Amino acid sequence: MQVREREATNPATQPQAPVFVARGLTKVYGSGDAQVVALKDVNLDIRQGEFIVLLGPSGSGKSTLLNILGGLDAPTSGTATWRDHELTGAGDDELTTYRREHVGFVFQFYNLIPSLTVEENVRLVAQIASNPMRPAEALELVGLTHRAGHFPSQLSGGEQQRVAVARAIVKRPDILLCDEPTGALDVDTGRLVLAAIAKVNAELSTTTAVITHNSAIAGMADRVLRLSGGRIVKEEPNPKRIRAEDVTW
Ligand SMILES: Nc1ncnc2c1ncn2[C@@H]1O[C@H](COP(=O)(O)OP(=O)(O)OP(=O)(O)O)[C@@H](O)[C@H]1O
Ligand SMILES: [Mg+2]
């Protein structure tokens with residue numbers, strides 16, 4: 001199905017109850033003189049299918065917020081809820097299950113397993129998921145069907161990152177969290193990775209959050225959050241989303 005056809009029915013454009021709710025999120029690392037306040041009283045609602053871009057200077061708390069959202073880290077105080085999952089106060093086992101069943105992560109570095117083919121890297125995650133798509137389907141979504149049998153070392157950085165996107169979405173996650181997914185890529189390959197992320201968001205209605213230092217990418221978002229000093233200092237809806245192909249930097 002064409003992305004553009006689906007955009008008209010993208011739930012992100014419909015008013016809906018939030019699926020992720022954060023209230024008063026505060027994260028303090030360390031203690032005494034070494035104390036760092038990474039997040040300060042952050043309140044955030046995210047709707048099903050929404051595409052969010054997080055901008056802000058280095059150290060402003062972007063990764064900390066994303067990691068709490070994804071159950072990789074716990075706040076010092078405040079609450080974070082994904083649908084009926086209370087993430088704050090959840091034990092390690094519960095958070096592991098939450099991450100495995102509901103969250104897809106893409107980081108700046110692809111972390112593929114070098115001794116496995118592209119298809120096997122994706123299959124590995126499909127095997128531990130409860131309702132995965134076929135690995136071939138995930139690879140088709142990111143435009144890499146023809147590279148399924150290759151090893152990561154035989155692919156360009158952008159292609160490896162698209163494998164990482166396929167691996168993140170093969171389990172049909174509810175939320176796709178991307179921390180500087182194009183940070184190591186040039187413009188053209190970065191666009192292809194962003195196009196793959198936008199396609200997943202449009203076709204599967206996967207709620208998506210992308211951290212970037214590149215404000216041009218904000219044009220792709222439904223909503224842009226700007227962080228500074230551990231706070232969300234600006235929230236801007238973006239009624240005219242642009243395509244990844246039209247992002248320039
Ligand atoms: N594990 C940790 N221990 C101590 N301080 C930490 C830890 N993780 C993050 N911090 C601090 O918390 C603050 C927020 O960090 P965070 O990684 O969320 O920023 P960021 O906005 O993602 O920055 P960048 O753009 O550089 O990735 C920073 O001052 C950072 O040094
Ligand atoms: Mg970061």
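Residue numbers count from 1 along this sequence. Each ligand, and each atom within it, is numbered from 1 in the order the structure gives. Because the structure is predicted, anything quoted here is derived from the model rather than measured.
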Exercise. Do R147 and Q160 meet the criterion of a side-chain donor-acceptor pair at a distance under 3.5 Å?
Worked result: no
Problem set entry | Distance-only donor-acceptor check, side chains T88 and E86, under 3.5 Å | yes
Exercise. Can any side-chain N or O of E235 pair as donor or acceptor with the backbone N or O of V224 at less than 3.5 Å?
Worked result: no
Exercise. Quick one: side-chain hydrogen bond (donor to acceptor under 3.5 Å, both in side chains) pairs with a partner in residues 167-179, sequence neighbours left out?
Worked result: S63-D179, H102-D174
Exercise. Linking I/L/V/M/F/W/Y whenever their side-chain heavy atoms sit closer than 4.5 Å, directly or via other members, would L124 and V122 fall into one cluster?
Worked result: no
For this session: Give every residue pair that meets the ring pair (Phe, Tyr, Trp, His ring centres under 6.0 Å) criterion with at least one member in residues 107-148, sequence neighbours excluded.
Result: F105-F107
Problem set entry | Under 3.5 Å: donor-acceptor pair, side chain of R191, backbone of V247 | yes
Problem set entry | Same cluster (ILVMFWY, side-chain, under 4.5 Å), V106 and L144 | yes
Exercise. Is it the case that T189 and D186 place a side-chain donor and acceptor less than 3.5 Å from each other?
Worked result: yes
For this session: Report all protein residues having a heavy-atom distance below 4.0 Å to some atom of ligand 1; order the list by chain, then number.
Result: Y29, V36, A38, P57, S58, G59, S60, G61, K62, S63, T64, E180, H213
Exercise. By residue and atom, what protein N/O/S atoms are less than 2.8 Å from the Mg ion (ligand 2)?
Worked result: S63 OG
